[in-house]
Protein chains: 2
Amino acid sequence: MKGLGELERSIMDILWAQSTALTAREVGRLIADRDLAPTTVMTVLDRLTRKGFLHRTRDGRAWRYAPAATRDAYVAELMLEALDMTGDRSAALTRFAQAVSGPEAEILRRALTELEDE
Amino acid sequence: MKGLGELERSIMDILWAQSTALTAREVGRLIADRDLAPTTVMTVLDRLTRKGFLHRTRDGRAWRYAPAATRDAYVAELMLEALDMTGDRSAALTRFAQAVSGPEAEILRRALTELEDE
DNA sequence: ATGCGTGCTCGACAGGTCGTAGTACTACGC
DNA sequence: GCGTAGTACTACGACCTGTCGAGCACGCAT
């Protein structure tokens, strides 16, 4: 997987926060603080689609964009990808476990316990 | 933190695999399969140093390069960085836990348990 | 049918990163 | 003093990302 640029991430954030698919225009309105040309938004939306981060469906003449995966899935995938980079996965995992702060360690522990129960 | 390019990663891999600090020449010899100009190796070593991935110390006229951190620390940091990207950390963590394969879940579980004991 | 607005696709350009390397300067040993 | 090893500086092409403009298509109101 490829990483995302600054603007690409902002746009993904907007779409992830939304429950419905949005048009380029709508995304542009939501990202108004940056005062971008409409074509800029369209281009980025297009690139994100090409990269597989978004799906789009027709809505009249316009496209409506929605995330291809949830943000959590994306984040988890990034984490796994990082993990793949090491030769010694268990060392990295151990290290990671140690680095996770208390409450989050608890969350992890619980998720792992549930796994075990299934 | 920034990501690493292809060659940068290869060189980090070499240095991570080594227990002693190496000179540019030595690194070049170890990466011989790619038949790079010596200056190429030096440049990359230099960039890695500037980016903070390596430390270097003088050895006569030459520099001797060593990783600034272990690979595991680097990987763990990447994973945490990915985690920071989400709004809902616990969802991402849960997702991650589910994605980790059996034996690795076991490793994680054990690391977390040890944490708890301290 | 004409023209305006909306939306699309293509192409482009600038700034940054990365792989790759040449050149020019320096210091050490023989 | 000269060759060699090693450095620093500079460069260049490819690719990525942010940012748009130009030009084309379509539908609605006049």
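The sequence lines fix the lettering, A, B, ..., with proteins before strands; numbering per chain opens at 1.
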Report task. May I ask you to say what A:R64 touches in the nucleic acid, namely base, sugar-phosphate or nothing, with a heavy-atom cut-off under 4.0 Å? Result -> nothing

Query raised in the report: Does the B:E114 side chain pair with the main chain of B:A111, one donor and one acceptor, at a distance under 3.5 Å?
Result: no

Query raised in the report: Can you tell me how far P of C:dG19 sits from CG of B:D35, to the nearest Å?
Result: 17 Å

Query raised in the report: Nearest of D:dG6, C:dG7, D:dC20 to any side-chain atom of A:R25?
Result: C:dG7

Requested in this report: Kindly indicate whether the side chain of A:T39 and the base of C:dC8 share any N or O donor-acceptor pair separated by less than 3.5 Å?
Outcome: no

Query - Nearest-angstrom distance from the residue atom CG of B:L45 to P of D:dC9 - result: 16 Å

Query raised in the report: C:dC18 P sits how many Å from B:L36 CG, rounded?
Result: 16 Å

Query raised in the report: Base, sugar-phosphate, or nothing: which does A:T43 touch, judged by heavy atoms less than 4.0 Å apart?
Result: base

Query raised in the report: Is any side-chain N or O of A:R47 under 3.5 Å from a base N or O of D:dG18, one able to act as donor and the other as acceptor?
Result: yes

Report task. Verify the neighbour count for atom CG of A:D35: are there more than 12 heavy atoms of other residues, nucleotides or ligands below 6.0 Å? Result -> no

Query raised in the report: Roughly how many Å is it from CZ in B:R50 to P in C:dG16, rounded to a whole number?
Result: 15 Å

Query raised in the report: Can you check whether B:R89's main-chain N or O pairs, donor with acceptor, with B:T86's side chain at less than 3.5 Å?
Result: no

Query raised in the report: In terms of the nearest nucleotide of DNA chain C, which residue is placed more toward the 5' end: B:L4 or A:R56?
Result: A:R56

Query raised in the report: Quick one: is C:dC18 close enough that its OP1 or OP2 comes under 4.0 Å of any side-chain N or O from B:K51?
Result: yes

Requested in this report: Starting from C1' on D:dT19, measure out to CG on A:L48 and report it in whole angstrom.
Outcome: 15 Å

Report task. Go through C:dT20, C:dG7, D:dG18 for me and flag the one nearest to the B:L7 side chain. Result -> C:dT20

Requested in this report: Hey, which sits more toward the 5' end of DNA chain D by its nearest nucleotide, A:E8 or B:D46?
Outcome: B:D46

Query raised in the report: C:dT6 base to A:R61 side chain: any donor-acceptor pair below 3.5 Å?
Result: yes

Query - Nearest-angstrom distance from the residue atom CZ of A:R9 to P of D:dT17 - result: 11 Å

Query raised in the report: Between C:dG7, D:dT19, C:dA21, which one does the side chain of A:A62 approach most closely?
Result: C:dG7

Query raised in the report: Which nucleotide, D:dG6, C:dG7, C:dG19, lies nearest any side-chain atom of A:M42?
Result: C:dG7

Query raised in the report: Closest nucleotide of DNA chain C for B:A37 versus for A:R58: which of these residues is on the 5' side?
Result: A:R58

Report task. Would you confirm whether B:E26, through its side chain, and B:T23, through its main-chain N or O, come within 3.5 Å as a donor-acceptor pair? Result -> yes

Requested in this report: Give a yes or no on whether A:L108 and B:I107 share a hydrophobic cluster (residues Ile, Leu, Val, Met, Phe, Trp, Tyr; joining criterion: side-chain heavy atoms under 4.5 Å apart).
Outcome: yes

Query raised in the report: How would you label the contact of B:G3 with the nucleic acid (heavy atoms, under 4.0 Å): base, sugar-phosphate, or nothing?
Result: sugar-phosphate

Query - Spacing between A:I11 atom CD1 and D:dG18 atom P, to the nearest angstrom - result: 8 Å

Report summary line: To the nearest angstrom, the CG-P distance between B:D59 and C:dA27 comes to 17 Å

Query raised in the report: To the side chain of A:A24, which of C:dC10, D:dT17, C:dC8 is closest?
Result: C:dC8

Query raised in the report: Is it true that B:D13 and B:R9 make a salt bridge, defined as a side-chain N closer than 4.0 Å to a carboxylate O?
Result: no

